[in-house]
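All chains are named by letter (A, B, ...) in the order of the sequence lines, taking the proteins before the strands, and each is independently numbered beginning at 1.
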Protein chains: 2
Amino acid sequence: MNIGDASALSGVSAKMIRYYEQTGLIPLAARTASGYRNYADADVHMLRFIARSRDLGFPISEITDLLDLWRNTDRRSADVKALAQARIQDLRHKITHLQDMADTLETLVRSCAGDERPDCPILHNLETEAFPASGRRSNHAGPHANINERITS
Amino acid sequence: MNIGDASALSGVSAKMIRYYEQTGLIPLAARTASGYRNYADADVHMLRFIARSRDLGFPISEITDLLDLWRNTDRRSADVKALAQARIQDLRHKITHLQDMADTLETLVRSCAGDERPDCPILHNLETEAFPASGRRSNHAGPHANINERITS
DNA sequence: CCTTGACCTTCCCATGATGGGAAGCCCCAT
DNA sequence: ATGGGGCTTCCCATCATGGGAAGGTCAAGG
């Protein structure tokens, strides 16, 4: 099976399959004599596992761990559960953050006439609301620790 | 005022101030004879507006629009309100998506014993749940339209 | 007046997950 | 055998952000 077939069967684009291979998430694919990547059903199975994990919000780093547990028949289900619970925690944090932003905007929107006049409490708030000076940008956890996380909306 | 002062007063890093200038979000800064960027209070004001907008989840493209409205005293508050409402809609979509993921994980976590045994319904689900074949990857809206949006958690 | 250190400048690189596209090779069906 | 579609690698772009190097500038203190 060529990469195109594996892609269609797994729901992972060929580009991403190569990327996952390159970054070590999945092992190097077998190759035909002419250099084409060659996939078996087990590989498609693994790719599907990855696609599903990603759809549930797991970052690549945790999918690595999930794959290890998946392949390890001596695993403890407690370890899998812990990973899933950590993911839920993270999702809840993100949800709370988005909810806070939406609530603030909702309040502002309700206070705005929304007519032909230029006067607007939304702009006024953006203009005057002070930023939290207490180290919002101090970034003690290092780059890409908590800020700048990606969601797959 | 040098860029470091403007950064400290606005809460926008010097790196980002230069980036915003380079990408046209803000006008080219005034320069001293020796080439240092020179900022006035009004510039800090603008940077604060940007920081606040970004904290409320507005992408740079919409902050451009907000800045235009802010500067335009002939604006209609309805236009500002519409922008904020669109942002709320987007946030609600993201929240729903994250909520769905969290709910699925919650169900799985509840079904997992979480003990020393390897048997785990979470892994089983990841392994067998089919991906929605009906064009989940069809991406009609083009790259970066809805997927891969960034949140500032 | 000169040194020192903090600040500024530009330039390049990296992130994470993803797609676009070019140049060139391969394989199958007509 | 030829054409078209699929495969290969390689480079580039995204978005907002930081890291770091190499070098210029400025103010304070000796």
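We find that CD1 of Ile3(A) is positioned 20 Å from P of dC25(C), with the value rounded to whole Å. The interatomic distance linking Glu62(A) (CD) with dA17(C) (P) rounds to 11 Å, in whole Å. We find that CD of Gln22(B) is positioned 14 Å from P of dT17(D), with the value rounded to whole Å. Rounded to whole angstrom, the span from the CD1 atom of Ile17(A) across to the P atom of dT9(D) amounts to 13 Å. Rounded to an integer number of Å, the gap from Asp55(B) CG to dA16(D) C1' is 13 Å. Between the CE atom of Met1(A) and the P atom of dC7(D) there is a distance of 12 Å, given to the nearest Å. As a whole-Å value, the separation of Asp90(B) CG from dC15(D) C1' is 15 Å. Here the P atom of nucleotide dT10(C) and the CG atom of Leu28(B) are 10 Å apart, to the nearest Å.
Residue Tyr20(A) places at least one side-chain N or O closer than 4.0 Å to OP1 or OP2 of dT18(C). Side-chain N/O atoms of Arg31(B) include one lying less than 4.0 angstrom from OP1 or OP2 on dT10(C). Proximity of Ser13(A) to the phosphate of dG19(C): a side-chain N or O atom is located under 4.0 Å from OP1 or OP2.
Electrostatic pairing of Asp79(A) and Arg75(A) does not count as a salt bridge here, judged by no charged N lying under 4.0 Å from a carboxylate O.
Among the atoms of the strands shown, base atoms are found under 4.0 Å from some heavy atom of Arg18(A).
In this structure, the side chains of Phe49(B) and Leu123(A) come closer than 4.5 Å at one or more pairs of heavy atoms.
The side chain of Ser34(A) lies closest to dC26(C) when the candidates are dT8(D), dT17(D), dC26(C). If you check dC8(C), dC26(D), dT9(C) against the side chain of Arg37(B), the one that comes closest is dT9(C). In the set dT9(C), dG18(D), dT18(C), the nucleotide with an atom closest to the side chain of Met16(B) is dG18(D).
Tyr36(B) contributes a side-chain N or O that forms a donor-acceptor pair with the base of dG24(D) under 3.5 Å.
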Query raised in the report: Between Asp115(B) and Arg117(B), does a salt bridge (Lys or Arg N to Asp or Glu O under 4.0 Å) hold up when you go through it step by step?
Result: CA-CA 6 Å; Asp115(B) 55 20; Arg117(B) 291 169 299 170; 2.5 Å; yes
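In this structure, Leu98(A) CG and Ile88(B) CD1 are separated by 13.0 Å, a value rounded to the nearest 0.5 Å.
Ring planes of Trp70(A) and His45(A): perpendicular class, angle over 60° (limits at 30 and 60°).
Between Lys15(B) and Phe58(B), the residue anchored closer to the 5' end of DNA chain D is Phe58(B), taking for each the nucleotide with the nearest heavy atom.
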